[in-house]
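The structure under discussion appears below in the form of structure tokens.
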Amino acid sequence: MVDLQSQYQKIKETVDKSIQEVLNSSAYINGPYVKEFQTDLEKYLDVKHVIPCANGTDALQIAMMGLGLQPGDEVITADFTFAATVEVIGLLNLTPVLVDVEPDSFNIDIDALKNAITPKTKAIVPVHLFGQVANMEAILEIAKEHNLFVIEDNAQAIGANYTFKDGSKKKAGTIGDVGTTSFFPSKNLGCYGDGGAIFTNDDDLAHMIRGIVNHGMYKRYYHDVVGVNSRLDSIQAAVLKTKLPLLDEYCNARRKAAQFYNNAFANNTNIIAPTTSSCGQICETCDCHVFHQYTLQITNGKRDELHKHLLDNGIANAIYYPVPLHKQKAYADERYNEDDFKVTNQLVETVISLPMHTELDKEQLEFITKTINDFLS
Ligand SMILES: *Cc1c(COP(=O)(O)O)cnc(C)c1O
């Protein structure tokens, strides 16, 4: 699905040098690279505070702790996402409220979100799934009306832009009260181990979160709140500092591959190819989507056969996600009504994700698309 080795070979010299520097300095934890990467990322995202942490799941948990959410508070999120989002809601004894997604963007459905709000609702967690920013303008309006926090799970869409109706733009993850991301190796900005970060423009929240990631300490050995131990280590920060200047180029390479795929599938009536919410297709300027995944919907019922056929032909592919969260043992709840999950229940039967990374060449794309079109003609 990804080719991290070819990508590494192109930046090997700089990355190796920066890792060697960390080794020579022995500043393995909280070394200079952590602070430098933090500052670089604040600049790139145009956000006041970036707080690095150990991974994207911690980032979500710490964001919710920082906002002071309390057991019993309801947190609304999408039914169609990676489990980390709902897992931390459960871990903190908050009440997850899963809602359906839109059939085109796979992102949280605005009407379903509105219908799920109760007097106990405290926060909304939009997930910018597969790299496309959710409908943030509508989400912010709802949040304002009901006095809710907005926590953006931006693990899959770092580098994407969101354009408001007035033409102004913001980076994904910096639009709500707080945003979180993951630097897991296969993410769009990946390190060579685990890593994550939290973003906010709120000074007080940033201060609170800086303590939480460090055992609740605001002064050494004085623990004001219950915290966690969640750090980005210096070696990962060195890798990320080297890769951050390449992020836009990486996003463009993904978008180009997505365009190639879409053109190749344009006349195949058994396939619904992804679209962007900005232009309804994929164009050069579709910066609301950074294609963490390239995900098709197969409409003739042959998704599982295609999955096998591609594997037999040496083509990687994956089903993200095969089970909606409301049907997972850990998160099922009798409150849920199957009629409220028409889209996710269908998507789990039809979606298939193709290889998507920065190193796909024309020959590979031609082979993949020809194999699929031949099979589904
Ligand atoms: C990857 C991912 C996470 C978790 O990130 P980790 O760094 O693996 O903990 C959370 N949410 C979404 C949507 C993700 O894709």
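One-based numbering, in listed order, for ligands and for the atoms of each. Remember, predicted model here, so these are calculated numbers, not experimental data.
Between the side chain of Asp202 and the backbone N or O of Val178, no donor-acceptor pair lies under 3.5 Å. No donor-acceptor pair closer than 3.5 Å links the side chain of Gln236 to the backbone N or O of Asp194.
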Review point. What do the steps show when you test His292 against Phe130 for ring pair (Phe, Tyr, Trp, His ring centres under 6.0 Å), and what is the final call?
Key: CA-CA 5 Å; His292 175 60; Phe130 300 155; 7.8 Å; no
Exercise for review: Dump the intermediate steps for ring pair (Phe, Tyr, Trp, His ring centres under 6.0 Å) on Phe183 and Phe37, then the final yes or no.
Suggested key: CA-CA 12 Å; Phe183 304 122; Phe37 169 63; 5.5 Å; yes
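Numbered from 1 in the order shown, with element, the atoms of ligand 1 that lie under 4.0 Å from a heavy atom of Val127 read 13 (C). If you number the atoms of ligand 1 from 1 as listed, the ones under 4.0 Å from a heavy atom of Gln156 come out as 13 (C), 14 (C), 15 (O). Short contacts between ligand 1 and Asn55, defined as distances under 4.0 Å to a heavy atom of the residue, involve ligand atoms 7 (O), 9 (O). Atoms of ligand 1 lying under 4.0 Å from at least one heavy atom of Ala155, given by number and element, are 2 (C), 3 (C), 10 (C), 11 (N), 12 (C), 14 (C), 15 (O).
For Asp194, no nitrogen or oxygen atom sits less than 3.5 Å from a nitrogen or oxygen atom of ligand 1, counting backbone and side chain alike. By the 3.5 Å distance cut-off applied to N or O atoms, Asp58 is not counted among the residues near ligand 1. The N/O atoms of Gly56, backbone and side chain alike, include one that comes under 3.5 Å of an N/O atom in ligand 1. At under 3.5 Å, a nitrogen or oxygen of Thr57, whether backbone or side chain, sits near a nitrogen or oxygen of ligand 1.
Taking Asn300 as the reference, nothing meets the side chain to side chain donor-acceptor pair (under 3.5 Å) condition, with sequence neighbours excluded. Applying the side chain to side chain donor-acceptor pair (under 3.5 Å) rule to Lys43 yields no partners; only residues at least two apart in sequence or on another chain are considered.
For atom 3 (C) of ligand 1, the nearest non-hydrogen atom from the set Glu87, Lys187, Gln61 comes from Lys187.
For the pair Lys219 and Tyr222, the cation-pi criterion (under 6.0 Å, within 45° of the ring axis) is fulfilled. Annotation: cation-pi pair Lys169/Tyr162 absent, no NZ/CZ under 6.0 Å from the ring centroid and within 45° of its normal.
Atom 8 (O) of ligand 1 has Ser182 OG, 4.1 Å as its closest protein atom, hydrogens excluded (heavy atom only). The shortest contact between atom 11 (N) of ligand 1 and any protein heavy atom is with Asp153 OD2, 2.8 Å.
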